[in-house]
Amino acid sequence: MDKILNREEGRLLAERIAKEAGVNVRECYQCGKCSAGCPMADSFDLMPRQVIHCLQLGDMEEIFKSKSIWLCASCHTCSERCPHEIDVATLMEKCRIEAQAKGYCGQEDVKLFNDIFTETIRYFGKSQEVILEGAYNVASGHLVQDMENVPKMLKKGILRPEMNTVRDKDAIKKIMEKTEEGGAVK
Amino acid sequence: MMKYSYFPGCSMDSTAVTYKKSFEYVADKIGLELFEIPDWNCCGSTAAHTKNEKMALALPARNIALSEEANPGLDIVTPCAACYSRLAYSTYAARNSEETRKEIEDIIEMNFKAEPEILNFLDLFSDPEVKEKCREKMVRSLKGLKVACYYGCLMSRPRKITGEENPENPMKMDAIIEMTGAETIEWDFKTECCGASHQVDAPKEARPLIEKIFRNAAANGADAIVTACPLCNMNLDMREEEINKLYSKKYNIPVFQFTELLAVAMGAGAEQSGIHKHFFPAFDRINEVIRANWEEEKKKAKEEAKKNPLADGPIVVGKAGK
C-alpha cells in the first residue's frame, strides 16, 4: 500500500487520537504488561505496546494496516493493568475508527460483522441475532458456520424466528444518520 | 425499595432463554418490581463503538432518556454485560462533560439528564435487601457443587465505568452463589475475555480463549462455570462440545447463568429455570446434587425423629426429580 500519510500528518493524527483518549503516550516505557495480558495477542501482528510505540512515532500507517486494531476484543485488560494508566484499549478503538474512516481494513470479516450489526440496528432498532448471523454467513462466504447449532436452538426454543423491533423506528434512523455525519466526540 | 427500571437487551428475547426464565422466576419469588423501559432499542453493543463514538453514546442514551421519562427516580438494571457497559459509558460521558451531554440530547432529541445509576445483575443481587429476600426463599441446597464464577470483561472493566474495587478478582458473584450452598472455587480466569463477537467474526483467533477458560476451570476442580451475561454464557455453553472436538479434550463442565442456580435453590424445576435448555448437558449434574442433598436431609431428619419422637417430621419443600 502506498504511504498515504506523510510524517507530519501522521504525527498530528497520533497527537489528536491521544488527546481525545486523554492519554500521554510519552509516558509509555514499553514494559509490555499490556501485551502480556492481552487475550488476543497470539493473533496480533502488532502487539499493544507496539501500537503505543507507533503512536509515539506518529507512524499511523503501520497501525492502520494492522490486524490488531480489528482483533482487539475491547476487554480492557491492557488499560486496567498499565502501570502508567495509559488507556490502551481506548487508543486501539480510536485507531480502528480512524482507520475505517480512511478506508483501511486489516480484518475484513470483523468489519463485515460490525457493518451488518449496525444495519440491523438501523432497520429494526433491536439486534436480530438470527438475521445477523445469517446475513454474516452469506456475506462472508462462511455459509455453514455455526449452522450445526441452529436445529438445537430451534428445538429448545432458544431462537425464535419472529422479530422483535422498535416501534419508533424513525427515532433510531435519525440517531444513526445524525451520528454518521461526524466521528469523535469533542 | 426493590423497584427498578428494567433494560432487558436484545438477547433476553432470543438466545438467553435460560437467563430470562430463571430471572423471572427469581424476581417473582423475591418480589422484585421491574418496570421495563418502553420501546427500548439496542444499546449498539460492540458494533457501534467499533465504528462511531457518537453513535455508541447516543443509542444507549435514548434508553436512559426513555427511562427518565417513564420511570423517574428509578435506577436501571440490565442482565447483559455489554448493555451494562454501554449504558454506563453514556452515563459516565454525560456526567463528566456538559458539552457531551448536550450534544447527545441534540442527537436523540430528548432530555437526557444521566441521573439513574446503571446496575448490572450482579449489582442488583448484591443489594442487601435483595440478598436478604433471596436468602429467605432458599429451599434447596446446592452443597457439593463446585462452581467457577466467570465475570468476563465488562462487568469489572474499565474501573472508571464499573466502579469495581478489584477488577482482577471480583467477588460479587461468588457471594451471590454462596447463598445457594454451592462452593465457589478460586481460579485464574474469572475476568479473562470470552472473545465476545469475535467468536463469530474471527473464530480461528478467538476459539483458544474459550478453551483456556475451560482448561483453567477444570484444573481448579470446577464442576460448573457460572456466568452473568447472555453472550459469555452462549460462547461457553454452545461451544464446549466443539472445543472438546477441536482440542481433543473431555471437558465436562456445564455453564449456568447465576440466576439459574438461584432459581433452582429457590425450588424451580427445569421448566422454570431453563436448565434443560442448555447446549451442553446441565440438568443431570444439578439433579445429582439436589438429590444427594435431599437424601442427606431425609437421613438426618429420620435420625432426629428417632432421638426425639415427639418432634415434628421433616418439612420437605422441594423434591428432586424429572
Side-chain angles (χ1 to χ4, degrees), chain A residues 39-40 42-43 70-71 73-77 79-80 87 89 93-94 96-97 100 107 109-110 112-118 120-121 124-130 133 136 140 145-146 148-149 152-153 156-160 164 166-168 171-172 174-176 178-180 182-186, chain B residues 10-11 13-18 39-42 44-59 62 93 97 99-100 103 106-109 152-154 156-159 167-168 191-193 195-198 200-206 208-209 212 238 242 276-279:
Chain A
M40 294 299 285
D42 283 352
S43 313
W70 293 91
L71 288 173
S74 303
C75 77
H76 285 267
T77 305
S79 304
E80 192 53 58
D87 190 349
E93 190 160 300
K94 291 204 179 270
R96 181 173 53 223
I97 291 170
Q100 215 166 163
Q107 195 78 9
D109 283 351
V110 176
L112 186 63
F113 180 82
N114 288 323
D115 286 350
I116 296 171
F117 199 141
T118 318
T120 64
I121 300 173
F124 307 112
K126 292 181 183 173
S127 162
Q128 309 292 327
E129 285 162 331
V130 185
E133 174 88 37
Y136 170 77
S140 65
Q145 180 178 306
D146 282 329
E148 70 272 18
N149 292 311
K152 241 185 190 174
M153 286 183 176
K156 289 172 186 259
I158 291 169
L159 267 194
R160 281 165 305 176
N164 195 359
V166 159
R167 285 191 301 277
D168 191 356
I172 306 302
K174 218 182 262 175
I175 291 176
M176 305 301 270
K178 277 183 168 180
T179 51
E180 276 163 350
V185 169
K186 276 165 250 152
Chain B
C10 305
S11 298
D13 280 324
S14 56
T15 49
V17 61
T18 70
D39 205 33
W40 56 267
N41 57 272
C42 172
S45 190
T46 37
H49 75 83
T50 297
K51 300 173 74 67
N52 181 314
E53 239 183 314
K54 279 185 193 167
M55 192 190 289
L57 292 175
L59 283 170
R62 176 177 177 269
S97 158
E99 198 189 338
T100 304
E103 200 180 350
D106 286 344
I107 295 169
I108 62 176
E109 297 175 11
C153 313
L154 299 176
S156 358
R157 291 185 299 260
R159 198 191 302 233
E168 296 285 353
T191 62
E192 284 291 321
C193 179
S197 61
H198 283 337
V200 174
D201 60 32
K204 191 166 64 68
E205 291 83 354
L209 275 60
K212 285 178 195 165
M238 188 172 84
E242 182 195 335
H276 62 317
K277 293 210 176 213
H278 286 219
F279 288 88

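Below, chain A is the first sequence line, B the second, and so on; all start at residue 1.
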Asker: For B/K54 and A/K178, indicate whether the former's side chain and the latter's backbone hold a donor-acceptor pair under 3.5 Å.
Answerer: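 No: the side chain of B/K54 does not pair with the backbone of A/K178.
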
Asker: Side chain, backbone, both or neither: which part of A/Q128 has a non-hydrogen atom closer than 4.5 Å to chain B?
Answerer: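 For A/Q128, neither part sits under 4.5 Å from chain B.
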
Asker: Might you point out which heavy atoms bring B/F279 and A/M153 nearest each other, and give the distance in Å?
Answerer: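 Closest pair (atom of B/F279, atom of A/M153, distance): CZ-CG, 3.5 Å.
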
Asker: Please classify the contact of B/E205 with chain A as side chain, backbone, both or neither, using a heavy-atom distance under 4.5 Å.
Answerer: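 Both backbone and side chain.
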
Asker: Under 4.5 Å, counting heavy-atom pairs only, tell me which of B/E242, B/H276, B/E168 racks up the most with chain A.
Answerer: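 It is B/E168.
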
Asker: With the side chain counted from C-beta on, respond yes when A/K126 and B/W40 share a heavy-atom pair under 4.5 Å apart, and no when they do not.
Answerer: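 Yes; the side chains approach each other to less than 4.5 Å.
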
Asker: Could you tell me whether a side-chain N or O of A/E129 sits under 3.5 Å from a main-chain N or O of B/S11, the two making a donor and an acceptor?
Answerer: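 Between the backbone of B/S11 and the side chain of A/E129 there is no qualifying donor-acceptor contact (under 3.5 Å).
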
Asker: According to ring-ring contact (aromatic ring centres under 6.0 Å, His included), who are the partners of A/H76, at least two apart in sequence or on a separate chain?
Answerer: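 For A/H76 there are no ring-ring contact (aromatic ring centres under 6.0 Å, His included) partners, ignoring immediate neighbours.
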
Asker: Salt bridge or not between B/K204 and A/D109? Use side-chain N to carboxylate O under 4.0 Å.
Answerer: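 No salt bridge links B/K204 with A/D109.
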
Asker: I need the B/N52 CG to A/M176 CE distance, nearest 0.5 Å.
Answerer: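 CE of A/M176 is found 8.5 Å from CG of B/N52.
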
Asker: What part of A/S127 gets within 4.5 angstrom of chain B, counting heavy atoms only: side chain, backbone, both, or neither?
Answerer: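 Contact with chain B is through both the backbone and side chain of A/S127.
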
Asker: Looking at A/Q107, A/E148, A/Q145, A/E133, which has the largest count of heavy-atom pairs under 4.5 Å with chain B?
Answerer: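 The answer is A/Q145.
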
Asker: Let's test your reading of the structure: which of B/I107, B/L59, B/T50 forms the most heavy-atom pairs below 4.5 Å with chain A?
Answerer: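 Of the options given, most contacts go to B/T50.
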
Asker: Given the options B/P158, B/A58, B/S156, which has more heavy-atom pairs under 4.5 Å with chain A than any of the others?
Answerer: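 Most heavy-atom pairs within the cutoff with chain A belong to B/P158.
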
Asker: Quick one, B/M55 and A/T118 - any side-chain contact, counting heavy atoms below 4.5 Å?
Answerer: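 A side-chain contact under 4.5 Å exists here.
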
Asker: Let's test your reading of the structure: which of B/C193, B/S14, B/C153 forms the most heavy-atom pairs below 4.5 Å with chain A?
Answerer: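 Ranked by heavy-atom pairs under 4.5 Å with chain A, first place is B/S14.
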
Asker: When heavy-atom pairs shorter than 4.5 Å are enumerated against chain B, which of A/T120, A/D42, A/T77 gives the highest number?
Answerer: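 Most pairs with chain B among the choices: A/T77.
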
Asker: So, taking the atom named CD1 in B/I108 and the one named CD1 in A/I175, what distance separates them when rounded to the nearest 0.5 Å?
Answerer: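 One gets 6.5 Å once the value is rounded to the nearest 0.5 Å.
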
Asker: Do the side chains of A/F124 and B/C42 get nearer than 4.5 Å, heavy atoms only?
Answerer: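 No, too far: nothing below the 4.5 Å cut-off.
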
Asker: If you round to the nearest 0.5 Å, how far is CH2 of A/W70 from CG of B/D201?
Answerer: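 That separation rounds to 10.0 Å.
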
Asker: Do the side chain of B/R159 and the main chain of A/E80 share a donor and acceptor less than 3.5 angstrom apart?
Answerer: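 Checking the backbone N and O of A/E80 against the side chain of B/R159, no donor-acceptor pair under 3.5 Å is found.
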
Asker: With no hydrogens and no angle check, is any side-chain donor or acceptor of B/D39 less than 3.5 Å from a backbone partner on A/D168?
Answerer: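 Confirmed, B/D39 side chain pairs with A/D168 backbone.
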
Asker: For B/R62, is it the side chain, the backbone, both, or neither that has a heavy atom closer than 4.5 Å to a heavy atom of chain A?
Answerer: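 Just the side chain, heavy atoms under 4.5 Å.
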
Asker: Chain B heavy atoms under 4.5 Å from A/L71: which part of the residue, side chain, backbone, both or neither?
Answerer: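 Looking at A/L71, backbone and side chain both touch chain B.
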
Asker: Please round to the nearest 0.5 Å and tell me the distance separating atom OG1 of B/T15 and atom CG of A/N149.
Answerer: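 The OG1 atom of B/T15 sits 11.5 Å away from the CG atom of A/N149.
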
Asker: How close do B/E192 and A/P39 get, counting heavy atoms only, and between which atoms?
Answerer: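 Taking every non-hydrogen atom into account, OE1-CB, 4.1 Å.
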
Asker: CZ of B/R157 to OG of A/S74: how many Å apart, nearest 0.5 Å?
Answerer: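 Going from the CZ atom of B/R157 to the OG atom of A/S74 covers 11.0 Å.
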
Asker: Measure distances from B/H278 to the heavy atoms of chain A and classify the residue's part below 4.5 Å as side chain, backbone, both or neither.
Answerer: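 Just its backbone gets close to chain A.
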
Asker: Does any part of the side chain of B/K51, heavy atoms only, come nearer than 4.5 Å to the side chain of A/D115, both counted from C-beta?
Answerer: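 Answer yes - side chains close enough.
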
Asker: Heavy atoms only, distances under 4.5 angstrom: which of B/S197, B/P203, B/A47 has the most pairs with chain A? Name it, please.
Answerer: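 Sorted descending by pairs with chain A, the first entry is B/A47.
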
Asker: Using a strict threshold of under 4.0 Å (side-chain N to carboxylate O), is an ion pair present between B/E53 and A/K94?
Answerer: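 Yes.
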
Asker: What residue, out of A/D87, A/V110, A/N164, has the most heavy-atom pairs lying under 4.5 Å from chain B?
Answerer: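 Option with the greatest count: A/V110.
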
Asker: For A/S140, is it the side chain, the backbone, both or neither that has a heavy atom under 4.5 Å from a heavy atom of chain B?
Answerer: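 No part of it gets close to chain B.
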
